[in-house]
Amino acid sequence: KEPILKKEDENADSLTDPNDETCEYQNVKIAPEDNDGEVLPKDDSERVGLTQASITIIKMIIGVGITNIPQIFNTLGIIGGTILMIVNFIFHYNTVRFLMLCKKITQRYSYSLYSKMTMGVFGTVLIKFAIALLCFCTCGVYLKLFGNVIYLLLGVFITQGNGFLSSKNFYTILIFFIIAPLMYAKDLSALKRFTIVGIIGLVV
């Protein structure tokens, strides 16, 4: 069998084969705790198309950035904001570059597996904690953002009072209880069709 990964083939970076004969990590066993959702390559039926991938990338780029980038420059000024954006870009660029190198070397996708290979059990625990903390903080930020947006939108149509039911915190809590049931859904693929709605909302 001809190995999929060839060092002289620049296009091989996009190919993944955990059983590749040239991969020194092909005998690494994957335990249940190593699965963070990206251990094995997805088959064709699970892969999103070019349009869906493009929409997702656009949402990631202009989503929260619409609100936080102006706030960064408003707080730090032109010079400070520019320096922070450059530093942020360097960190993001190198993070993606290192992850692609890890994928090329190990022929695996998993953060947990990378950590286990380099730091053992401590690495597994550390990355699980980091992922959980990131998700928790991200959810907190988004809930606060959604609550503020709903508060501002309703303020256009109705007169806000002074009580708790008219506060931003009330709308944040309300949004939480509306989306909380989604935590128990085994598959959120049905929500993909609403992605275009998010793009239209950002444009508006």
With the 4.5 Å side-chain cut-off for hydrophobic clustering, are [X] and [Y] part of the same group?
| X | Y | result |
| --- | --- | --- |
| I150 | Y142 | yes |
| I72 | I79 | no |
| L152 | L174 | yes |
| F98 | M100 | no |
| I178 | F176 | yes |

Would you say that [X] contacts [Y] through its side chain, given a criterion of any heavy-atom pair below 4.5 Å between the two side chains?
| X | Y | result |
| --- | --- | --- |
| I179 | L143 | yes |
| F73 | T82 | yes |
| T172 | F146 | no |
| Y111 | L99 | yes |

Using a 3.5 Å cut-off and no angle test, enumerate the donor-acceptor pairs between side-chain atoms of residues 84-96 and protein atoms at least two apart in sequence or in another chain.
from: N88; atom 1: OD1; to: H92; atom 2: ND1; distance (Å): 3.2
from: H92; atom 1: ND1; to: N88; atom 2: O; distance (Å): 2.9
from: N94; atom 1: OD1; to: R97; atom 2: NH2; distance (Å): 2.9
from: N94; atom 1: ND2; to: I90; atom 2: O; distance (Å): 2.8
from: T95; atom 1: OG1; to: F91; atom 2: O; distance (Å): 2.7

Could you name each residue pair satisfying side chain to side chain donor-acceptor pair (under 3.5 Å) that touches residues 114-125, not counting sequence neighbours?
D34-K116
How about L133: does its CG atom have over 12 heavy atoms from other parts shown lying under 6.0 Å from it?
yes
By side chain to side chain donor-acceptor pair (under 3.5 Å), K144 pairs with (sequence neighbours left out) N169
Just how far is it from atom CZ of F122 to atom CD1 of I127, taken to the nearest 0.5 Å?
11.0 Å
